Amino acid sequence: MIPLTAYKFEKNIHLYRYNDLNIMLDVNSGAVHLLDDMTYLLVQKTIDFNGDIYKAKEYYMTHYSEEVLNEAILEIVAAYKDGAMFSEEENLEVDFGNMPLKAICLNIAHTCNMKCKYCFASEGSFGGDTSLMPIETGKKTLDFLIEKSNGVKNLEIDFFGGEPLLNFELVKELVFYGRQKEKEYNKKINFTLTTNVLLLDDEIMDFIVKNNISIILSLDGRPEINDYHRNLKNGEGTYNLIVPLIKKMINKKPQSYYVRGTFTRNNLDFVNDFKHLVNLDIDAISLEPAVGVDNPYSIKEEDMPRVLKEYDKLTDYLLECFEKKKDIHFFHYNLDLQKGPCIAKRTSGCGAGIEYIAVTPEGDVYPCHQFIGKKDFCMGNVTTKKLANQMVDKFKTNHLHKEICNSCWARYYCGGGCHANAYDYNNSISIPYKNGCAMHKKRIEGAIYLELKKKISQ
């Protein structure tokens, strides 16, 4: 008999139906099981009977033969003995406070040449004065990253803003400086640039390709949707200006790219925007929900049923693309069920305030770019080379220590959610943003389903 009477099914097992598949996720091992209808019902009834699989068998004796039920039980027991079903939690003790720094969001321009309606960064100024990062601050930030990275070899720098291309000369200087430091300290710095695209020209594109810089390009989808949200300073739309440049950049084959869009209450049918991007021959896409308590464009509680159904439509569309031999990458569905991160990484989440920080043009350090402008979250300055211990302590607590996260089946896939969204909606980084949790769970379910369908077709 499997000893499951004290097993915590709700947090350790996720059993769900998705279209034509019955799926069981064993949370602790990460194993995913595709179940037939009878086994799905047997497992569900075992959970209902608090782990008594033989009582569940008796319940279905009038529906299925004893031979078939016994065969299913033997398979379940075998999976249990292999640690792939009803597995126990690991006793994980990780000192997140001592994790080395790995990545920096480098806000090199607190100014922008656009006026997007849903912008969380006050048109690039983050609620402060407009400014550009000087070269001295940029170099000190790279030095800070290398010094705090300890034995980590692969590091990340994301040129961010505002619009970072308004300070492109600094980008060139820091890439050159970073390549020098790589050789000096035996490091590898992976550079990324996030841009609204308007300032991309042949010189910049060639520099990006030549220097192996990954690029994130902003476009919201259909012309009418993009031009409603993403405007020039004079209010004019940007679609016709941006799309030719995006196509040109992609055709130059950068090291990697994503086209990133935002969906709001005005386009809850965001799958149509996703389809539009695919029809533009874009094959790496990220679509993010607009957020913010005071943002009239952000997704509200009453929008959630529609949003979750839209993610189902997106999953179906991605499967359709796969069946048509179109290899489309959706950022939030990048789950590797076979080679996912180790459990320590899966519990540390994005690493904000510990492994990852954001730095302003003045050198001030924040846990991430979404905290910039919230003075209570300033962690120090790169010129001092020290971070405030009390702020580090706030962010080093593993999200599994949060009661609501500790009991959630998605805890190893979400990293505890976005700290900044949690703070904005709940005035606490320890209380997750409810809508964000619901969307992420739906995306996980869809990603697992899609992965299984792909494997079945092989």
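Just so you know, these numbers come straight off a predicted model, no measurement behind them.
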Discussion item. Can you list everything that forms a ring-ring contact (aromatic ring centres under 6.0 Å, His included) with Tyr16? Sequence neighbours excluded, please.
Written reply: His14
Discussion item. Using the ring-ring contact (aromatic ring centres under 6.0 Å, His included) criterion, which residues pair with Phe168? Sequence neighbours excluded.
Written reply: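 Once residues adjacent in sequence are excluded, the partners of Phe168 under the ring-ring contact (aromatic ring centres under 6.0 Å, His included) criterion are Phe207.
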Practice prompt. Could you go through the ring pair (Phe, Tyr, Trp, His ring centres under 6.0 Å) check for His276 and Tyr239 one step at a time?
Written response: CA-CA 12 Å; His276 182 82; Tyr239 181 92; 5.7 Å; yes
Item to complete: Please test Ser149 against Lys102 for side chain to side chain donor-acceptor pair (under 3.5 Å), starting from the C-alpha separation and ending with a verdict.
Response: CA-CA 6 Å; Ser149 64; Lys102 297 178 181 178; over 6 Å; no
With the side chain counted from C-beta on, respond yes when [X] and [Y] share a heavy-atom pair under 4.5 Å apart, and no when they do not.
X	Y	value
Val278	Lys326	yes
Leu287	Leu314	no
Ile285	His329	no
Phe144	Leu101	yes
Lys8	Asn406	no
Cys368	Ile357	no
Ile204	Leu165	yes
Met439	Pro289	yes

Item to complete: For residues 353-389, pull every pair meeting ring-ring contact (aromatic ring centres under 6.0 Å, His included), keeping only residues two or more places apart or in separate chains.
Response: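 Every pair satisfying ring-ring contact (aromatic ring centres under 6.0 Å, His included) with a residue in residues 353-389: Phe120-His369, Phe160-His369, Phe371-Phe377, Phe371-Phe395, Phe377-Tyr423.
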Practice prompt. May I have all residue pairs that pass ring-ring contact (aromatic ring centres under 6.0 Å, His included) and include part of residues 281-316, sequence neighbours excluded?
Written response: His229-Tyr297, Phe270-Tyr311
Practice prompt. Would you sort out whether Arg230 and Met114 count as a side-chain contact (heavy atoms from CB on, under 4.5 Å), showing the intermediate values?
Written response: CA-CA 7 Å; Arg230 301 186 60 80; Met114 287 180 61; 3.6 Å; yes
Let me have the donor-acceptor pairs involving side chains of residues 317-324, under 3.5 Å, with sequence neighbours excluded, atom names and distances please.
from   : atom 1 : to     : atom 2 : distance (Å)
Glu320 : OE2    : Lys324 : NZ     : 3.1

For [Y], is there an ion pair with [X] - N to carboxylate O distance below 4.0 angstrom?
X	Y	value
Asp269	Arg222	yes
Lys454	Glu451	no
Glu302	Arg265	yes

Assess the side chains of [X] and [Y]: does a donor N or O sit below 3.5 Å from an acceptor N or O?
X	Y	value
Ser428	Asn426	no
Tyr413	Arg443	no
Tyr228	Thr264	no
Thr130	Thr111	no

Among residues two or more places apart or on two chains, list those pairs meeting salt bridge (charged side-chain N to carboxylate O under 4.0 Å, His left out) that have a residue in [range].
range	answer
residues 274-289	none
residues 235-246	none
residues 19-28	Asp20-Lys453

Discussion item. Could you measure the distance from the CG atom of Leu174 to the CD1 atom of Ile135? Nearest 0.5 Å is fine.
Written reply: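 That separation rounds to 4.5 Å.
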Check: [Y] main-chain N/O paired with [X] side-chain donor or acceptor under 3.5 Å:
X	Y	answer
Glu310	Val271	yes
Asn381	Thr383	yes
Asp303	Ile299	no
Glu163	Cys112	no
Tyr258	Ile215	no

Item to complete: Go through the steps to decide whether Lys172 and Glu203 satisfy the test salt bridge (Lys or Arg N to Asp or Glu O under 4.0 Å), and finish with yes or no.
Response: CA-CA 11 Å; Lys172 292 193 291 185; Glu203 177 194 353; 3.4 Å; yes
[X]: what forms a salt bridge (charged side-chain N to carboxylate O under 4.0 Å, His left out) with it, not counting sequence neighbours?
X	value
Glu182	Arg179
Glu147	Lys385
Asp202	Lys248
Lys434	Glu301

At their closest point, which heavy atom of [X] faces which heavy atom of [Y], and how far apart are they?
X	Y	value
Thr360	Met133	O-CE, 3.0 Å
Thr262	Asn267	O-ND2, 4.2 Å
Glu362	Thr137	C-CG2, 4.1 Å
Lys441	Cys408	CE-SG, 3.4 Å
Cys405	Arg411	O-CB, 3.5 Å
Pro296	Asp294	CD-O, 3.3 Å

Fill in: Among Asn240, Asn231, Asp220, Thr238, side-chain hydrogen bond (donor to acceptor under 3.5 Å, both in side chains) partner for Asn226
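For Asn226, the side-chain hydrogen bond (donor to acceptor under 3.5 Å, both in side chains) test succeeds with only one of Asn240, Asn231, Asp220, Thr238, which is Thr238.
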Discussion item. Quick one, Asp316 with Tyr449, criterion side chain to side chain donor-acceptor pair (under 3.5 Å). Give me CA distance, side-chain angles, the key distance, then yes/no.
Written reply: CA-CA 10 Å; Asp316 291 340; Tyr449 167 80; 5.0 Å; no
Worksheet item: Yes or no on side chain to side chain donor-acceptor pair (under 3.5 Å) for Asn190 and Lys188, after CA distance, side-chain angles and deciding distance?
Response: CA-CA 6 Å; Asn190 301 300; Lys188 176 68 174 73; 3.3 Å; yes
Discussion item. Could you go through Val291 and Tyr433, starting from their C-alpha distance and side-chain angles, then the distance that decides it, and tell me whether this counts as side-chain contact (heavy atoms from CB on, under 4.5 Å)?
Written reply: CA-CA 10 Å; Val291 296; Tyr433 166 49; 4.0 Å; yes
Practice prompt. Mark yes when over 12 heavy atoms from residues, nucleotides or ligands other than Lys252 sit less than 6.0 Å from its NZ; otherwise mark no.
Written response: yes
Practice prompt. Take Thr315 and Tyr333 through the side chain to side chain donor-acceptor pair (under 3.5 Å) test and state the conclusion after the steps.
Written response: CA-CA 9 Å; Thr315 301; Tyr333 277 25; 2.6 Å; yes
